[in-house]
Amino acid sequence: MSLKNDLYLTRKPLAGFLAIGMTWAVYFAQMPVIKANVEASDGAYGAAVLFSAFGALAAMWLAPACQKYAKGLALPLGIAALGLGMFGAGAAASLAFLTVALLLASAGSGVVDVLINARVSEIEERSGRSLMNLNHALYSFAYAGGALATGALRSLEVTPVPVFAGVCVILVFFAWASNGVAPDVQDMPDTPHNGLPHLLVFLVGLVVMMAFLAEAASEGWSALHLERTLGGSAGEGAMGPALLGLTMGIGRLSGHALSRWLRDTHLMLVATLVSAAGLVLAALAGSVAVALTGFAIAGLGISVVAPLALALIGRVVAPQVRLAAISRASVLGYGAFFFGPPLMGLIAEGFGLRTAFGAIAAMLCLTALALIPAVARRVAYARA
């Protein structure tokens, strides 16, 4: 089956992947400007993002209820909330208003995340095709494109409000294209399941969390590191998240081929260590070029970890609990996108951004040396 057919199979959830990838890229590439507009310190900004995280995680757990009552409109409504919240973030003149806007955007994004991953999982099961890496790769390319476009607009001194107005227009199209996505509600995680390997799901969720933590840290703070720590321009700052998205897209497209030669857990272990090395390079960099190289390496490494982990749990568990397992692991993992920036902000406030990126690299090393081997042992036990 061709790539064209794979894209057709996942066209509706793919609209959700493209929507969140593009929109968060636009936000993070403008983060230094938005942060300056509300006159927030690193710690205060991180705390605001942390507060919005609670609403986002609650929305993820409530995604099955959203699907139950809104049915095929749940995903378009989530995209609409994302767009409205982001427009508010771009227009925010105070930290309190920014916090509320991010709360709405994060809640919409959380619902979209759960529904699109659940739907792709179902399509994989029914079609026999491996589609998770493809959709996550296109998310990354959308992220890279959004960051590059925003960097160009920032170089032209375009303010956040007109940029997010344009984003909202594009999101209207994505919302229309995603209409009708309806994962099976009975398989979503609001219903208890007998036979669900809770420890394995928890461990896989932690691996996904650590992968997304590295991604969130680089997305949210690379532009500030390049501009503030290394004295880069606005365009160079936007290149951080753009290059990360581009290399993650390339890595994810390569992930399926590499998995034919390496066991999933071995590939995840190597990729995690490669990403840690990239973040160390970015942290220690003395120039923008070296830091960009570090972020590129980090993105290339971490790109395959979350899709491989989600695909692994989908293959190991019984078919009747597959969607519940993937959904629960996804909810745990995606929390990193919300507590990652606050964690970075708090460390940066006290010790600087170099130390913050070094701390994330250390966590990735612990993941590779302890957490991924634990997943491998549980997978072997489940298959025995």
Side-chain angles (χ1 to χ4, degrees), residues 60 113-114 116-137 183 187-189 191-215 248 251-276 300-336 363-384:
M60 287 182 172
D113 267 324
V114 171
I116 58 180
N117 277 286
R119 183 56 177 161
V120 171
S121 174
E122 290 177 1
I123 298 171
E124 282 188 325
E125 179 184 5
R126 295 169 184 172
S127 66
R129 300 288 296 171
S130 178
L131 302 168
M132 193 70 78
N133 266 312
L134 174 63
N135 279 265
H136 281 259
D187 285 327
M188 297 296 285
T191 303
H193 290 272
N194 295 323
L196 187 66
H198 296 286
L199 179 57
L200 178 59
V201 171
F202 178 71
L203 290 173
V204 169
L206 288 180
V207 171
V208 175
M209 178 188 293
M210 295 309 301
F212 286 159
L213 177 61
E215 185 177 341
M248 289 190 68
R252 283 168 173 166
L253 285 179
S254 305
H256 180 65
L258 289 173
S259 64
R260 298 177 182 177
W261 302 97
L262 291 172
R263 186 179 299 174
D264 285 351
T265 50
H266 290 172
L267 182 55
M268 286 190 290
L269 189 152
V270 172
T272 303
L273 291 176
V274 168
S275 182
L300 194 63
I302 208 62
S303 63
V304 300
V305 176
L308 283 174
L310 292 174
L312 178 64
I313 192 69
R315 289 196 306 272
V316 171
V317 301
Q320 62 270 25
V321 297
R322 180 179 294 119
L323 293 179
I326 291 175
S327 296
R328 290 180 177 181
S330 296
V331 168
L332 179 60
Y334 275 105
M363 293 180 191
L364 289 180
C365 289
L366 288 174
T367 300
L369 298 177
L371 190 54
I372 293 176
V375 169
R377 290 192 294 271
R378 295 304 304 179
V379 167
Y381 175 80
R383 287 173 171 170

Taking the side chain as everything from C-beta on, heavy atoms only, tell me whether [X] gets closer than 4.5 Å to [Y].
X      : Y      : value
Val375 : Leu312 : yes
Ile302 : Leu364 : yes
His136 : Asn117 : yes
Leu371 : Leu366 : no
Val207 : Ile372 : yes
Ser330 : Val208 : no

TODO: Heavy atoms only: give me the nearest Thr367-Pro373 pair and the separation to one decimal.
DONE: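 So the two residues come closest at O-CD, 4.2 Å.
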
With rounding to the nearest 0.5 angstrom, report the [atom1] to [atom2] distance, [X] to [Y].
X      : Y      : atom1 : atom2 : answer
Met363 : Leu213 : CE    : CG    : 6.0 Å
Asp264 : Ile313 : CG    : CD1   : 12.0 Å
Phe212 : Asp113 : CZ    : CG    : 7.5 Å
Arg252 : Asn135 : CZ    : CG    : 10.5 Å
Leu308 : His266 : CG    : NE2   : 13.0 Å
Met132 : Ile123 : CE    : CD1   : 10.0 Å

Just distance, no hydrogens or angles: give the donor-acceptor pairs under 3.5 Å from side chains in residues 268-276, sequence neighbours left out.
{"from": "Thr272", "atom 1": "OG1", "to": "Met268", "atom 2": "O", "distance (Å)": "2.7"}
{"from": "Ser275", "atom 1": "OG", "to": "Ala298", "atom 2": "O", "distance (Å)": "3.1"}

